[in-house]
Amino acid sequence: MRIRILLADDHALVRQGLRSLLAGIDDFEVIGEAANGRDALGQIRKLAPDLVLMDVTMPELNGLDATARALHTQPDLKVIIVSMHAAEPYVLEALRAGAAGYLLKDADAGELERAIRTVARGERYLTLAVSHHLIDRFLHGEGTARDNPTGTLTARQREVLQLVAEGRSTREIAARLHLSVKTIETHRAQLMQRLDIYDVAGLTRYALRI
C-alpha cells in the first residue's frame, strides 16, 4: 500500500531535499507541496494525502495551527511536524495540535522513513533527540500555559500575532483575515493584556521568539 505524502515547508530547498529522499522509497509517493500553512490546508483539501510532513515556522499560517485546522476536518490525516526546534514547548504544542509525530530537520534518511512508517500504521513517533518523558507530561496535562503563554491564546489570536510579526499593518491583517479593522484592534489589545506586552514592537519581538 502506497503512502501518499504532502510536503509543507516555506523553504524550496528543504522540500526538494525531502522529495529527493522519499523518491528512493518504493511505497512512498510525494503528491504535492505547500509553501505556507494556508497553502497546506488548500492542498490537503484538494489532494487528500495520507500524511503531511509539516514545518512549524511558515508565513501566512504556522504549521501547528495548520495541523489543528486540518485534523479538525480530516481526523484520519496523519501529520508529522518536521522542525529545527527541539525545545519542549514546540513539541508539546505539536502534540496538542494533534500531530502524530515530531522529527528534527537534522534527522537522517533512515529516521525519516522510520517516522513515516510508524505514524502511517497509527502509532506516535517522537525523534530520539526529544525526551520521551514529554509524552507522559502531555498525557497527564502538564507543560501547560504557565510554561508557554502562547498556549493560552486562541487560534485567531495566534494568527494575528504571527501576522504582526510579519510586519503587517492593522488594515492588511483585517483584509487578509476578512475581519474589520476594529476587530483586529480588539485582538491586538487582548494579546497585549494576555502576554503583558503593551506596544506593537513588543508584540513583534515576542512573536519572533516563538
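- Residues Leu179 and Ile184 approach most closely at CD1-CD1, 3.9 Å, considering heavy atoms.
- Glu185 and Thr170 share no donor-acceptor pair across their side chains, judged by distance under 3.5 Å alone.
- To the nearest 0.5 Å, atoms CZ (Arg4) and CD1 (Ile31) are separated by 3.5 Å.
- The side-chain heavy atoms of Leu104 and Met84, taken from C-beta on, include no pair separated by under 4.5 Å.
- In the displayed structure, Asp108 atom CG is contacted under 6.0 Å by more than 12 heavy atoms of other residues, nucleotides or ligands.
- Looking only at side-chain heavy atoms (C-beta outward), Leu177 and Leu163 come within less than 4.5 Å of each other.
- Shown here for Ala8 and Ala40, the closest heavy-atom pair between the two residues is CB-CB, 4.0 Å.
- Rounding to the nearest 0.5 Å gives a distance of 9.5 Å between OH of Tyr102 and CG of Leu95.
- With sequence neighbours excluded, the residues satisfying side chain to side chain contact (heavy atoms under 4.5 Å, CB included) with Ser169 are Arg171, Glu172.
- Note that CE of Met192 and CZ of Arg188 are 6.5 Å apart. Values are rounded to the nearest 0.5 Å.
- Taking Ile, Leu, Val, Met, Phe, Trp and Tyr as members and joining any whose side-chain heavy atoms lie under 4.5 Å apart, directly or through other members, the hydrophobic cluster of Ile80 also contains Ile3, Ile5, Leu7, Val14, Leu18, Leu21, Leu22, Ile25, Phe28, Val30, Leu51, Leu53, Val82, Leu103, Leu112, Ile116, Val119, Tyr125.
- Residue Leu41 shares its hydrophobic cluster (ILVMFWY side chains chained together at separations under 4.5 Å) with Leu61.
- Rounding to the nearest 0.5 Å gives a distance of 8.0 Å between CG of Leu64 and OG1 of Thr57.
- What you find for Glu33 and Leu6 is that their closest heavy atoms are N-CD1, 3.6 Å.
- At a threshold of 4.5 Å between non-hydrogen side-chain atoms, the residues Thr118 and Arg124 do not count as touching.
- Note: Thr186 OG1 to Arg156 CZ = 13.0 Å, rounded to the nearest 0.5 Å.
- Note on Glu159 versus Arg69: salt bridge recorded, some NZ/NE/NH1/NH2 to OD/OE distance being below 4.0 Å.
- Using a 4.0 Å cut-off between charged nitrogen and carboxylate oxygen, Lys105 and Asp55 count as a salt-bridge pair.
- Remark: Met58 CE to Asp65 CG distance equals 10.0 Å, nearest 0.5 Å.
- No side-chain donor-acceptor contact under 3.5 Å links Asn36 and Asp39.
- Although no hydrogens or angles enter the test, the distance criterion places a donor-acceptor pair under 3.5 Å between the side chain of Thr73 and the main chain of Ala70.
- Of the possible polar contacts, none joining the Ser20 side chain to the Gln16 backbone as a donor-acceptor pair under 3.5 Å is found.
- For the 3.5 Å distance criterion, the side chains of Thr183 and Ser180 qualify, holding a donor opposite an acceptor.
- Across all their heavy atoms, Thr67 and Ala99 have their closest contact at CG2-N, 4.0 Å.
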